[in-house]
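Below you'll find the structure, written out as structure tokens, and then a few comments.
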Amino acid sequence: MPKKSVLDFAEMKKKGEKITYLTAYDFPMASFCEKAGIDMILVGDSAAMVVHGLPGTVPMTMDQMIQHSQTVRRGAPNTFIIGDMPFLSYQVSREDAIANAGRFFKEASVDAIKLEGGRRVIKQIEGIVEGGMSVMGHIGLTPQSSGQLGGFKAQGRTADTAMEVIKDALAIEKAGAFALLVEAIPPEVGKIISEMLSIPVLGIGAGMYTDGQVLIIGDMLGYFEAFTPKFVKKYANLAEVITKAFGEYIEDVRTSKFPEEKHCYRMIEGEIDKLEATLKNLPPQ
Ligand code: KIV
């Protein structure tokens, strides 16, 4: 399958075809995403929690995100990949934002970057787009500023706060983003935004009416165990599968059931006799 482009995603929205989107942080998961035919992959800063065992996304650095993105690109050479701008890689200035976005493209061959925030990051989005790079916005629950939001809480549940989310969505489209991610907002608000915007709107915890859905791979595969948000559907329980496999391995080693003959490299015929003769003639140690 040829790699999809921003034009394909715009076309999918027009035709009402849902866009599929998952996070990945490493080579094997990226290659499974590509094999399964996912439309786009986010190298999310959720790697902080899912891969690095941190309590939130704030500590992730540009260097870490670039390395994850390079690995994902190797695993999924024919999939549209989005690099997630980590905390403080774009908030300080438009110049920082352009330079750091550029690193994702130059060093990791991503197809787009994503950054969090609405009206307060418009000058950064405009700068990156003017630099010739594709941007996905991210509003609603924005994990990098979850402290300001009072935690990982759903947004836009009142008419006034919903209106703020809608204003952010409109501003992001106007700034030139090719797509928007909306997180943890009511389905009614997800529907209004998806209908008002001409760019594709991808949802996570934003209901069933958005133009596509994204899930975090550790949640949907059931191997991230620290917490599971309400919006997650688990498609597998890898934590159970993997822990069971490790348990069986431990038992096999302890009871000498592993390795078996089929796992061994035997010596070439006749060589063991030569070795034993050499050992016999060794001077006393
Ligand atoms: O970093 C991430 O995984 C995200 C999710 C909300 C999709 O931004």
Side-chain angles (χ1 to χ4, degrees), residues 9 18-26 29-30 33 38-62 64-69 71-72 76 79-91 100-101 104 108 110-118 121 125 135-146 149 151-156 165 168-169 172 177 179-185 190 193 200-207 210-221 223-224 226-235:
F9 299 128
K18 294 277 186 182
I19 299 167
T20 62
Y21 188 18
L22 279 173
T23 68
Y25 320 102
D26 61 24
M29 290 299 168
C33 283
I38 203 81
D39 293 316
M40 46 169 89
I41 295 176
L42 172 68
V43 187
D45 63 355
S46 51
M49 289 118 108
V50 180
V51 178
H52 299 281
L54 291 161
T57 57
V58 165
M60 285 307 277
T61 65
M62 270 303 295
Q64 284 176 308
M65 291 306 301
I66 293 288
Q67 195 172 35
H68 282 297
S69 303
T71 313
V72 168
T79 303
F80 191 93
I81 292 175
I82 300 159
D84 206 6
M85 303 273 288
F87 183 61
L88 282 198
S89 67
Y90 58 95
Q91 285 92 343
N100 283 319
F104 275 100
V110 301
D111 300 288
I113 58 87
K114 171 173 89 58
L115 52 77
E116 295 182 10
V121 292
I125 295 178
V135 177
M136 175 180 282
H138 179 168
I139 57 170
L141 169 55
T142 45
Q144 289 174 15
S145 45
S146 58
L149 302 174
F152 292 94
K153 289 189 166 31
Q155 303 295 304
V165 181
D168 281 338
I172 285 171
L180 175 66
L181 173 64
V182 286
E183 176 168 0
I185 59 168
I193 293 174
V201 177
L202 290 310
I204 181 162
T210 53
D211 303 309
Q213 296 292 331
V214 57
L215 279 178
I216 291 177
I217 208 161
D219 289 334
M220 65 94 72
L221 292 179
Y223 71 85
F224 177 68
F227 63 92
T228 305
K230 176 185 169 71
F231 54 71
V232 171
K233 178 171 175 183
K234 278 196 186 182
Y235 288 84

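As the structure lists them, so they are numbered: ligands from 1, and atoms in each ligand from 1.
- When each atom of ligand 1 is checked for a heavy atom of Gly44 under 4.0 Å away, the hits are 1 (O), 2 (C), 3 (O).
- Atoms of ligand 1 found under 4.0 Å from any heavy atom of His138 (numbered from 1 in listed order, with element): 6 (C), 8 (O).
- Considering backbone and side-chain N/O of Glu183, none are found under 3.5 Å from N/O of ligand 1.
- Looking at every heavy atom in both residues, Met60 comes nearest to Ala48 through CG-CB, 3.5 Å.
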If you apply the rule side-chain hydrogen bond (donor to acceptor under 3.5 Å, both in side chains), what do you find for Gln91 with Gln144, and how did you get there? CA-CA 11 Å; Gln91 285 92 343; Gln144 289 174 15; 3.2 Å; yes
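- Between the Thr71 side chain and the Gln67 main chain, a donor and an acceptor come within less than 3.5 Å of each other.
- Between Tyr25 and ligand 1, a contact under 3.5 Å exists for no N or O pair.
- Interface atoms of ligand 1 facing Thr23, defined by a heavy-atom separation under 4.0 Å, are 3 (O).
- With a 4.5 Å cut-off on side-chain heavy atoms, Ile217 and Tyr25 count as touching.
- Atom 2 (C) of ligand 1 has its closest protein heavy atom at Ser46 OG, 3.2 Å.
- Taken to the nearest 0.5 Å, the CZ atom of Phe227 stands 4.0 Å off from the CE atom of Met49.
- Only side-chain heavy atoms of Leu42 come within less than 4.0 Å of ligand 1; its backbone N, CA, C and O stay farther off.
- At a 4.0 Å heavy-atom cut-off, ligand 1 touches Asp84 through the side chain alone.
- In this structure, the protein non-hydrogen atom closest to atom 8 (O) of ligand 1 is Lys114 NZ, 3.0 Å.
- Interface atoms of ligand 1 facing Ile216, defined by a heavy-atom separation under 4.0 Å, are 3 (O).
- Taking the salt bridge (Lys or Arg N to Asp or Glu O under 4.0 Å) definition, one finds that Asp111 meets it with Lys3, Arg73, sequence neighbours left out.
- Phe9 and Phe80 have perpendicular rings, their planes meeting at more than 60° on a 0 to 90° scale where under 30° would count as parallel.
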